[in-house]
Amino acid sequence: MMDFEAKVAAGVRAFTHYNRRKKRLMELNDPLGSRVILDLFPLCVHINHPALPGYTGGDDCPCGVKCMEWPANTINSLGTFSPIRLRPGEVRNLVPRNREIEGLFTIGSVGSLGQTRESDYDIWVVVDADAIGKPRLRLLERKLKALKRWISSQYIIDLHFFLMDINDIRRNNFGTVSQEGAGSALKSILKEEFYRTLTLIEGRVPVWWVTPADHGDDAYEQTIAYLARSLQFEYMDFIDMGNLTSVPEQELLGAALWQMHKALDDPLKSVLKMALAATYLDRSGEDVLLCEELKRHVMQDSQDEIIDPYMEIFQRVEDYYRNRGDERTIDLLRKCFYLKVSPSITTNDLLRVNQQDKTVMMVEVVKKWNWPIGFIRDMNRFHEWSVEKYRAFGDDLHDYLKRTTVLLIRRAKSFLLDSQLDQDVEMEVLRRRVEAFYVAKENKIESEKRVKRREPAYEEIFFAYKNRRWHIYGSYPDRKKENPIMSAERVVKILAWLVYNKRFDASTSFHMVPNTTGVALSDIQALLRELDAQIPDANSVGLDREALMDKKFVKRVVLVGNMERPSAFDAIHEVDVLYINSWNEFFCVHMAPGSIREWMREIRTPWTKVSVWLPKHGKSRRLVNALNSLFS
């Protein structure tokens, strides 16, 4: 049995090998993007030169990545990136003696089975903020913003740089909630994800990753002490980013709210992450943290075995629900995992043996699921699914997310009783974001629970009126009793739903089944165009932190007069009121004209915009003035 110091040395070798494999998988998944991130980006941070993207001017911008070797090959191949010409001799002396960048790390799916062409690059640029000082830190922020703009424009890579202070990382202080960052709502959970998914681009190796597993809570400090006195290793090659042994139960609430928010962008990934958070409800096993289990597998890894952080998530959550006999959730998780990895397995793939290939790596997994080849082909055609198939699968995904959120909140309840949640701003921002999208309210237009951000529109929509209700169908409604897409007492509410959920586009054909209402199809199409220009897509609205921190107010009102009495020329007989608030909740309510003035007095603010709309044949100047007079 190896002694402690030998295990640290073995850990250094194992991490180096594992990190190299992650970079290789990154290159296989995205050949061009990986070159930019692994070669060009580190060079631009390492030195500050006018010929390189992100140059800030002057000598004050922090640069120099610690432990980074001189990138001669990258400099010699700069011409393949863009018209950049540098001779090694003219820039080598630009590397400062006091290097101030502690490390460059990816976090997330890149370098794993979960990386696809749509994956973005989230990169932590780690520094010692106190040593650098705020003025120079702002220079580095400006450099990173310039680099992001240049890389995004040149290579169409979706990337995000996070300038991280090493002292904040040690304290699990991750800033404020934004569209891309969970902020202080997640602490230990975010660090667990970082350790579990990181790829070291350049810089110092995290001490946590070379700390032997199964040596108790003191092992981390023992490792630091050993590295500090070691003759075999340079202590400055390693960085203390703080230990991690458990996830506090109160963070389960933040995890649930964050994944409910992120599910609006990538529900497939959020289901897997929510399931992982659910495993922390079970404290009976020895392996609480998945990052620790992954590290143990890396340390025990043979040279040929493939250890993948994304696969580790799936295996953990599958085991968790299998132990509970929940086959329905296991089936959902398998679908999400397959679609997220997107291996597009074919019959021929079953005969291939190259383990480095992502598809073949997934073949061994899928074989255990006993999926018929016809089912696999259908999963491979995911991007060609019908609207109804997306809607059904989306309902299953978001139903799981909501059920699991309830479980996580119940577990965190003891914490909530002892704290004042409204004083935790970050948690409150997330709570309001989830409320705005998921919580049903009177007269609120329901947001579609999508599987992916952009889903197809209906090719055809048929409007029908029967039994005193409006209905829409995807095909002509005949006697087969086809279920409608949606039904409502007022046609305007259906139009509001179509606009808010963007289930139509320029190619959609609209039809009217003959009825006695007098509502014209041309008016329906005209109102759809009008609303489409004013109302945002429910699923495209990001996390507006400033708006969510304030009390919500009505920001836009559309008054639709006489929609179902288009031949009325004498007065305004009915009004459908559509309004959207600052949290982007959208409402539709039918009102008597005499009620409008009082309602408007209660909700209107100096920032509320009001517009009116009337059917074409009833749009006289007199009626427009009459509709305006209801609130002016």
Side-chain angles (χ1 to χ4, degrees), residues 1-23 38 42 45-46 62 64-71 95-107 111 124-132 164-172 191-192 194-246 289 291-303 305 307 309:
M1 181 179 293
M2 290 188 292
D3 62 16
F4 186 85
E5 295 181 0
K7 286 187 176 182
V8 173
V12 173
R13 292 191 297 272
F15 174 76
T16 302
H17 178 65
Y18 170 72
N19 195 64
R20 191 179 298 127
R21 278 192 313 205
K22 288 201 72 187
K23 288 183 177 180
L38 298 178
V45 177
H46 198 48
V65 182
K66 294 181 179 180
C67 303
M68 179 173 169
E69 297 180 358
W70 180 246
V95 181
R97 290 191 176 187
N98 179 30
R99 302 185 182 190
E100 297 182 278
I101 310 301
E102 304 290 337
L104 308 173
F105 305 86
T106 69
I107 176 175
W124 284 17
V125 179
V126 180
V127 298
D128 186 338
D130 291 339
I132 290 175
M164 309 292 289
D165 173 35
I166 183 60
N167 297 302
D168 282 339
I169 295 174
R170 290 186 190 121
R171 295 190 296 263
N172 296 345
K191 181 174 277 186
E192 189 278 333
F194 173 69
Y195 280 148
R196 173 169 40 85
T197 65
L198 72 83
T199 305
L200 174 60
I201 301 174
E202 293 288 353
R204 304 168 68 190
V205 175
V207 170
W208 182 89
W209 254 107
V210 302
T211 299
D214 302 325
H215 273 261
D217 294 344
D218 296 333
Y220 189 82
E221 295 301 327
Q222 284 182 259
T223 303
I224 291 177
Y226 165 65
L227 292 172
R229 68 174 186 271
S230 173
L231 299 177
Q232 182 180 359
F233 301 106
E234 287 286 342
Y235 179 66
M236 291 308 297
D237 290 347
F238 302 89
I239 183 170
D240 173 14
M241 306 181 86
N243 194 20
L244 185 68
T245 58
S246 64
L289 295 184
C291 61
E292 191 74 23
E293 189 171 333
L294 171 68
K295 182 171 68 172
R296 184 185 301 113
H297 290 165
V298 169
M299 300 306 175
Q300 298 169 350
D301 180 23
S302 67
Q303 294 295 305
E305 188 180 358
I307 304 295

- Task: May I ask you to test the Ile169-Lys191 pair for a side-chain heavy-atom distance under 4.5 Å?
- Result: yes
- Message: Is any side-chain heavy atom of Val298 closer than 4.5 Å to one of Phe15?
- Response: no
- Answer whether the closest heavy-atom distance between the side chains of His46 and Glu202 falls below 4.5 Å. no
- Message: Using 30° and 60° as the class boundaries, would you call the ring planes of Trp124 and Phe194 parallel, tilted or perpendicular?
- Response: parallel
- Item | Close side-chain approach of Val205 and Leu200, heavy atoms under 4.5 Å | yes
- Task: First locate atom NE2 of His17, then atom CD1 of Ile307, and finally report the distance between them rounded to the nearest 0.5 Å.
- Result: 9.5 Å
- Does Phe4 have its ring centroid less than 6.0 Å away from the ring centroid of Tyr226? no
- Task: Might you point out which heavy atoms bring Ser230 and Phe233 nearest each other, and give the distance in Å?
- Result: OG-N, 3.1 Å
- Query: Would you say Met241 and Val126 make side-chain contact, with heavy atoms under 4.5 Å?
  - Reply: yes
- Message: If I compare all heavy atoms of Ile201 with all of Thr106, which pair ends up nearest, and what's the gap?
- Response: CD1-CG2, 3.7 Å
- Report the residues that fulfil ring pair (Phe, Tyr, Trp, His ring centres under 6.0 Å) with Trp208, sequence neighbours left out, ordered by chain and then residue number. Tyr195
- Message: Working note: Val207 + Ile239, criterion side chain to side chain contact (heavy atoms under 4.5 Å, CB included); need CA distance, chi angles, decisive distance, verdict.
- Response: CA-CA 6 Å; Val207 170; Ile239 183 170; 5.8 Å; no
- Interatomic distance, CG@Asn243 vs CG@Asp218, rounded to 0.5 Å, equals 9.5 Å
- Do side-chain atoms of Arg196 reach the backbone of Leu294 as a donor and acceptor pair under 3.5 angstrom? no
- Task: Please confirm whether the backbone N or O of Gly111 pairs with a side-chain atom of Lys23, one donor and one acceptor, at under 3.5 Å?
- Result: no
- Message: Ignoring hydrogens, what is the shortest heavy-atom contact between Ile101 and Pro62? Give both atom names and the distance.
- Response: CD1-O, 4.3 Å
- Message: Quick check: do Phe238 and Ile224 have side-chain heavy atoms less than 4.5 Å from each other?
- Response: no
- Minimum heavy-atom distance Ala219-Pro212, with the two atoms named: CB-O, 4.1 Å
- Query: Roughly how far apart are Leu244 CG and Asn172 CG, rounded to 0.5 Å?
  - Reply: 7.0 Å
- Message: Would the distance check show the side chain of Lys22 and the main-chain N or O of Leu198 forming a donor-acceptor pair, the cut-off being under 3.5 Å?
- Response: yes
- Item | Spatial distance of atom OG1 (Thr211) from atom CG (Leu227) [nearest 0.5 Å] | 7.5 Å
- Do Arg99 and Val95 come close enough that some side-chain heavy atom pair is under 4.5 Å? yes
- Note on the structure: Between Gly203 and Cys67, the two heavy atoms sitting closest are O-CB, 3.7 Å
- Just by modelled atom types, is the Met236 backbone N or O under 3.5 Å from a matching donor or acceptor in the Arg204 side chain? yes
- Here the pair of heavy atoms bringing Pro309 nearest to Tyr18 is CD-OH, 3.5 Å
- Note on the structure: Value for CZ (Arg171) from CG (Asp165), rounded to nearest 0.5 Å, stands at 6.5 Å
- Value for CD (Glu192) from OG1 (Thr245), rounded to nearest 0.5 Å, stands at 12.0 Å
